[in-house]
Amino acid sequence: MADSPHKPFRPSGPRRPFAGKGEGPRGGPRRPAKGGAPGWSGEDDVALLYGWHTVAEALANPNRHFRKILATENAAHRLVEAGFTLPVEPEIVRPSEIDKLVGADAVHQGLLAEVDHLPSPRLKDIAKTDLVLVLDQITDPHNVGAIVRSAAAFAVSAIVTTARHSPVATGVLAKSASGGLEHVPICLVQNLARALNELKDNGMLVVGLDSEGAADLEDTPLHAPLALVLGAEGKGLRQLTRETCHVLARIDLPGAIKSLNVSNAAALSLGMARHALKRG
């Protein structure tokens, strides 16, 4: 069935389309409510999700609040055929209308949703879980999205990161996560070292991944509850972060190339951690 136009999308209030590489709305962290956690801040605090898996997983998440759904006629039929109960009536648009918002190179598959950001969990609740991932100023949304996807695959309870110097959970990050945002909550903190100390005070073993670590992660004694800390590609962990970890561990590689993309390193380290925790 051919896509046909109907009520072209007109965003309420000011919006800017994603940049050519799929970058979404950005902004500094909004001020937290007294005693609360910081939150993402974009334009009107809206997250944009696009692509079939990303939107479908969000639709299956009862904690997601939808504001708008834009869909081509084919995509809307696909949602109905898949048995989704839509929280809002989709606006039927041409693919080009979605292209204007996410960029012509984005693979949106005829679906885009405006949603509220999911709430940030509390550190003291996270500390009660078995495996947590901590990101130290990893800024590339593709990498963070891929890390979120791996975290969902390895049943990570939460990802801890700072509200500043982190990409907002929207757009290309959400697309790269392929629905992982619905399964791995992101805990936003204002100060990473303080957050790590709080996790330690609540009984978590905090292990930093560092090329100069004393031992291979595979040979490092690991136990739950466990927090793995990864630093930005190239820069690695910041000095204060390194000093705050209980132990630093490296990933030894047998091949000619001795370093991995940070998202690949995350997946490998999570696999090692899960294996170690399973052994007990």
Taking side-chain hydrogen bond (donor to acceptor under 3.5 Å, both in side chains) as the definition, give me every residue that meets it alongside [X], ordered by chain and number, with sequence neighbours left out.
X: His183; value: Glu57
X: Asn61; value: Glu182
X: Asp210; value: Arg242
X: Thr220; value: none

**Study point:** Linked, directly or transitively: Val247 and Leu228 (ILVMFWY side chains, under 4.5 Å)
**Key:** yes

Point to revise | Leu173-Val115 co-clustered via ILVMFWY side chain contacts under 4.5 Å | key: no

Taking the side chain as every heavy atom from C-beta outward, state whether [X] and [Y] have any pair of such atoms under 4.5 Å apart.
X: Leu240; Y: Leu192; result: no
X: Val160; Y: Leu135; result: no
X: Arg64; Y: Leu181; result: yes
X: Leu253; Y: Leu268; result: yes

Check your understanding: Would you say the side chains of Asn74 and Thr72 form a donor-acceptor pair under 3.5 Å?
Key -> no

**Study point:** Check: Asp136/His165 side-chain N/O donor and acceptor closer than 3.5 Å
**Key:** no

Exercise for review: Only one of Ile251, Leu222, Leu277 passes side chain to side chain contact (heavy atoms under 4.5 Å, CB included) with Met272; say which it is.
Suggested key: Ile251

Study note, to complete from the structure: The single option from Pro185, Pro225, Cys187 that satisfies side chain to side chain contact (heavy atoms under 4.5 Å, CB included) with Ile126 is Cys187

**Study point:** Within residues 168-179 or reaching into it, pairs that qualify as salt bridge (charged side-chain N to carboxylate O under 4.0 Å, His left out) - sequence neighbours excluded
**Key:** none

Exercise for review: May I have all residue pairs that pass salt bridge (charged side-chain N to carboxylate O under 4.0 Å, His left out) and include part of residues 225-237, sequence neighbours excluded?
Suggested key: none

Exercise for review: Please lay out, stage by stage, how Thr170 and Leu49 fare under the test side-chain contact (heavy atoms from CB on, under 4.5 Å).
Suggested key: CA-CA 6 Å; Thr170 184; Leu49 309 180; 5.6 Å; no

Point to revise | Where Leu133 and Val156 come nearest, the two heavy atoms and their spacing | key: N-CG1, 3.8 Å

Revision key, fill the gap. When every non-hydrogen atom of Val172 is compared with those of His142, the smallest separation belongs to CG2-NE2, 3.3 Å

Check your understanding: Does a salt bridge link Glu97 with Lys100, judged by any charged N lying under 4.0 Å from a carboxylate O?
Key -> yes

Review point. Does Arg250 pair with Asp219 as a salt bridge, N-O distance under 4.0 Å?
Key: no

Check your understanding: Given the rule in the side-chain contact (heavy atoms from CB on, under 4.5 Å) test, do Val148 and Ile159 qualify, once you have shown the distances and angles that lead to the verdict?
Key -> CA-CA 8 Å; Val148 172; Ile159 291 175; 3.7 Å; yes

